[in-house]
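See below for the structure under consideration.
These numbers come from the heavy atoms of this one structure, side chains and all, not from hydrogens, waters or symmetry mates. By convention here, the first residue in the shown sequence is residue 1.
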Amino acid sequence: YQAELVKLRRRSVMIAASLPAVAAVLTTALTFALAKTSPSYAADGPNFVQRLSSLSHASGMTQGYSLGMSLFGLVVLIVTIANTTGEYSLGTLRAAFLAQPNRRAWLAGRLLAIGSALVVAFAAALVVGIATAFVMAPIRGVDTSAWVSGSGVAAALANYVNAVLGAAFFGLLGTAI
């Protein structure tokens, strides 16, 4: 676990860890900016544009966040595959197994480190996504009273847990491949 945390402290990893927050701001702002005042149905398929009235529901404050974080599962998958492949090709994976011959302990430490990084990065993304929603709501005339209710907080936590678990699954898959 400690060895994996050292690798996660690199500058490039820190920059990558800020990407979920950037995505949360962008997807939340776009969700509000593109929201329609009335429903519009596409004749040729589903329409992913939100209605302003749905943004005033308890889950409205994190709709943009959940959209942005759903894409990060694939990013986590690609990064973990590239990381494991790079360690294998450079021979550092062999050195890691010499230092920790118990592969279950190595895998548990790696997954725990990746999970810790995901929890922190996605929590920061949730905070900035919610802040962006509160900035955008008055601009578009969205009522935010349901957001600060118990069901609004529960919806935000549910979206956060779903995002972290989804990305953690892709991290596990990328490490195992």
Side-chain angles (χ1 to χ4, degrees), residues 8 12-83 111-177:
L8 292 175
S12 61
V13 174
M14 293 296 179
I15 292 170
S18 68
L19 292 178
V22 172
V25 169
L26 289 175
T27 55
T28 301
L30 285 174
T31 298
F32 277 85
L34 298 176
K36 305 281 186 195
T37 55
S38 62
S40 61
Y41 300 101
D44 58 348
N47 189 355
F48 296 106
V49 176
Q50 296 291 327
R51 291 184 304 146
L52 283 174
S53 61
S54 70
L55 292 175
S56 65
H57 296 171
S59 63
M61 109 177 117
T62 55
Q63 284 184 7
Y65 167 82
S66 63
L67 176 66
M69 294 307 101
S70 65
L71 300 175
F72 266 89
L74 294 175
V75 172
V76 170
L77 175 69
I78 292 167
V79 168
T80 54
I81 288 173
N83 187 20
L111 295 178
L112 191 59
I114 291 171
S116 300
L118 286 174
V119 164
V120 171
F122 280 31
L126 179 67
V127 169
V128 297
I130 289 173
T132 305
F134 272 103
V135 168
M136 293 296 294
I139 295 171
R140 293 302 312 264
V142 175
D143 179 32
T144 61
S145 60
W147 295 0
V148 294
S149 67
S151 59
V153 172
L157 289 176
N159 282 336
Y160 171 73
V161 169
N162 285 339
V164 169
L165 289 178
F169 169 75
F170 281 111
L172 172 64
L173 184 64
T175 300
I177 290 179

Closest non-hydrogen atom pair between [X] and [Y], with its separation:
| X | Y | result |
| --- | --- | --- |
| Pro20 | Met69 | O-CE, 3.1 Å |
| Arg140 | Leu34 | NH1-N, 4.1 Å |
| Ala24 | Val128 | CB-CG2, 4.4 Å |
| Ala58 | Ala155 | O-CB, 4.1 Å |
| Ala146 | His57 | CB-C, 4.0 Å |
| Ala17 | Ala121 | O-CB, 3.6 Å |

With rounding to the nearest 0.5 Å, note down the distance linking [atom1] in [X] to [atom2] in [Y].
| X | Y | atom1 | atom2 | answer |
| --- | --- | --- | --- | --- |
| Asn162 | Phe122 | CG | CZ | 11.5 Å |
| Leu172 | Leu165 | CG | CG | 12.0 Å |
| Leu71 | Thr27 | CG | OG1 | 8.0 Å |
| Leu19 | Leu26 | CG | CG | 10.5 Å |
| Asn159 | Ser59 | CG | OG | 7.0 Å |
| Leu126 | Thr28 | CG | OG1 | 9.0 Å |

- Message: Could you check whether any side-chain N or O of Trp147 sits under 3.5 Å from a backbone N or O of Leu55, counting only pairs where one atom can act as donor and the other as acceptor?
- Response: yes

- Donor-acceptor contact present, side-chain Tyr65 to main-chain Val127, <3.5 Å: no

- Less than 4.5 Å apart, any side-chain heavy atom of Ile139 and any of Phe32? no

- Query: Are Phe72 and Leu118 side-chain neighbours, meaning at least one heavy-atom pair lies under 4.5 Å?
  - Reply: no

- The residue among Leu77, Ile114, Val79, Thr80 that forms side chain to side chain contact (heavy atoms under 4.5 Å, CB included) with Phe170 is Leu77

